[in-house]
Amino acid sequence: MPDTFHHDGFDISYTDEGSGEPVLFIHGFASNAKVNWISTGWTSYLQDAGYRTIVFDNRGHGQSTKSYNEHDYSPGKMATDAAALLVHLQIKAAHVIGYSMGARISTFLAILFPKMVRSLTLGGLGIGLVDGVGDWDPIAAALLTEAPGTITDPRGAAFRKFADATKSDRRALAACIARSRELVTKEQLSNVEIPTLVAVGTKDDIGGSPHELAALMPHAAAFDIKGCDHMRAVGDPTFERAVLELMRQNPM
């Protein structure tokens, strides 16, 4: 069963397993720790490789506290939850892996608390971190409608289906999506000295180019998750192996 800790008015649900160098996972929008990282095999894969895995439900998601105030969901505030969890566990630094929205939160964690991040993996989010990821207002509308059969926007329909499948609080997600897309500047990225892997599916129509983003960072490399769209890339074994190689090249 997950444990919980309290931070900034939220009870954050987390699971801490395994031994070795710590790895902190930050999941994507409308997902949760179990769906994004445990069910896809990430935690067992890295535990078998000798790492300690820490997963948590972002505020507004999974078993963590929900808020319907959009101001609670800036990526900077959500990054402080991740930092507070490491402090709670008495971990000075960890390898950090984020996917989609979790990659944005991970970047803010690296900017705000650089000494806490030994290596950084940004999955499912490339140059969209800087340029934006398109119009997500239809997703908020799709989340809030009581008639899902009337949704015509393909991306809205996909995220509504995903939110329903994960039994998410759709009102909390709508508040989250309003503020969690804050952009990172090129100047901020140029100051991130952490070894970084930027990995995006070659069929991903959300994240943007990993190569363009990696070029903005002093110690970043791009990785193409071949043949995968945004939803399927997260569990791809070539992605897992690339992340493991990054961590092995940058031990604590």
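Treat the numbers as computed from the prediction; the structure is a model and nothing was measured.
- Nearest approach of T202 to G227, heavy atoms of both residues: OG1-N, 2.7 Å.
- Atom OG of S67 sits about 10.0 Å away from atom CG of D8, to the nearest 0.5 Å.
- For the atom pair CZ of F108 and NZ of K77, the computed distance is 13.0 Å after rounding to the nearest 0.5 Å.
- At least one side-chain heavy atom of H7 sits less than 4.5 Å from a side-chain heavy atom of T80.
- Not one N or O on the side chain of T43 forms a donor-acceptor pair closer than 3.5 Å with the backbone of T53.
- Heavy atoms only, all atoms of each residue included: I194 and A110 are closest at CD1-CB, 3.6 Å.
- The shortest heavy-atom contact between E240 and G41 is OE2-C, 4.0 Å.
- Looking at V130 and L189, their side chains come closer than 4.5 Å, going by heavy atoms from C-beta outward.
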Contacts under 3.5 angstrom, residues 82-98 side chains, donor-acceptor by atom type, not counting sequence neighbours:
unit_1, atom_1, unit_2, atom_2, d
H88, NE2, Y14, OH, 3.2
H95, ND1, S119, OG, 2.7
H95, NE2, E21, OE1, 2.8

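- Checked against side-chain contact (heavy atoms from CB on, under 4.5 Å), E245 has the following partners two or more places apart in sequence or in another chain: Q249.
- Separation of atoms CG (L129) and OG1 (T185) is listed at 9.5 Å; rounding is to 0.5 Å.
- Interatomic distance, N191 CG to M217 CE, rounded to the nearest 0.5 Å: 10.5 Å.
- A heavy-atom distance below 4.5 Å is not found between the side chains of L216 and E212.
- Closest of all the heavy-atom pairs between R160 and A142 is NH1-O, 2.7 Å.
- Hydrophobic clustering of Ile, Leu, Val, Met, Phe, Trp and Tyr side chains at less than 4.5 Å, counting indirect connections, unites L173 with F10.
- For S100 (side chain) and G102 (main-chain N/O), no donor-acceptor pair under 3.5 Å exists by modelled atom type.
- Here the side chains of T121 and F25 are not in contact, with every heavy-atom distance at 4.5 Å or above.
- Both V133 and I139 belong to a common hydrophobic cluster when Ile, Leu, Val, Met, Phe, Trp and Tyr are linked at side-chain heavy-atom distances under 4.5 angstrom.
- A salt bridge links R52 with D16: at least one charged nitrogen is closer than 4.0 Å to a carboxylate oxygen.
- Linking Ile, Leu, Val, Met, Phe, Trp and Tyr residues whenever their side-chain heavy atoms come within less than 4.5 Å leaves L24 and M247 in two separate clusters.
- Under the 3.5 Å distance criterion, the side-chain polar atoms of D224 are left unmatched by any main-chain donor or acceptor of G201.
- Using a distance-only test at 3.5 Å, with no hydrogens or angles considered, no donor-acceptor pair links the side chain of T145 to the main chain of A141.
- When every heavy atom of A49 is checked against every heavy atom of R248, the shortest pair comes out as CB-NH2, 4.1 Å.
- A pairwise comparison of heavy atoms in A214 and A220 identifies O-CB, 3.7 Å as the closest pair.
- Checked against the 6.0 Å centroid threshold, Y99 and H230 count as a close aromatic pair.
- The hydrophobic clustering, which links ILVMFWY residues whose side-chain heavy atoms are closer than 4.5 Å, places F159 and I151 apart.
- Between R232 and D236, none of the side-chain N atoms (NZ, or NE/NH1/NH2) sits under 4.0 Å from a carboxylate O, so this pair counts as no salt bridge.
- Taken to the nearest 0.5 Å, the CG atom of D81 stands 7.5 Å off from the CG atom of N58.
- Remark: K66 NZ to N69 CG distance equals 15.5 Å, nearest 0.5 Å.
- Taking the six-membered ring where tryptophan is involved, the planes of H61 and F29 are perpendicular, since the angle between them exceeds 60° and thus also 30°.
- Residues M78 and R104 form no side-chain contact, since every pair of their non-hydrogen atoms from C-beta on lies 4.5 Å or further apart.
- One N or O on the side chain of S39 and one on the backbone of K34 form a donor-acceptor pair closer than 3.5 Å.
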Test log, rule side chain to side chain contact (heavy atoms under 4.5 Å, CB included), inputs I38 and T40: CA-CA 5 Å; I38 298 173; T40 55; over 6 Å; no

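- A donor-acceptor contact shorter than 3.5 Å links the side chain of S64 to the backbone of D57.
- One hydrophobic cluster holds both F56 and M101 under the rule that ILVMFWY side chains link at heavy-atom gaps under 4.5 Å.
- With a 4.5 Å cut-off on side-chain heavy atoms, I206 and R155 count as touching.
- The six-membered or imidazole ring of F239 lies near that of W42, with a centre-to-centre distance under 6.0 Å.
- Every pair passing side-chain hydrogen bond (donor to acceptor under 3.5 Å, both in side chains) that includes a residue from residues 165-179 is listed here, sequence neighbours excluded: Y68-D169, H71-R179, T166-S168.
- The neighbour count for Q63 CD, taken as heavy atoms of other residues, nucleotides or ligands under 6.0 Å away, does not exceed 12.
- For the pair Y45 and P237, the minimum side-chain heavy-atom distance is 4.5 Å or more.
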Steps toward side chain to side chain contact (heavy atoms under 4.5 Å, CB included) verdict (I12, H6): CA-CA 6 Å; I12 302 295; H6 191 77; over 6 Å; no

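- Proximity of a side-chain donor or acceptor of T107 to a complementary backbone N or O of A103 within less than 3.5 Å is detected.
- A 4.5 Å side-chain heavy-atom check between L244 and L46 finds at least one atom pair inside the cut-off.
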Does the pair L120 and L197 meet the rule for a side chain to side chain contact (heavy atoms under 4.5 Å, CB included), with working shown? CA-CA 6 Å; L120 178 65; L197 180 72; over 6 Å; no

Go through it in stages, so that I can follow the logic: the residues are L125 and V200, the test is side chain to side chain contact (heavy atoms under 4.5 Å, CB included), and I'd like the CA-CA distance, side-chain angles, deciding distance and then a yes or no. CA-CA 6 Å; L125 187 60; V200 179; 5.7 Å; no

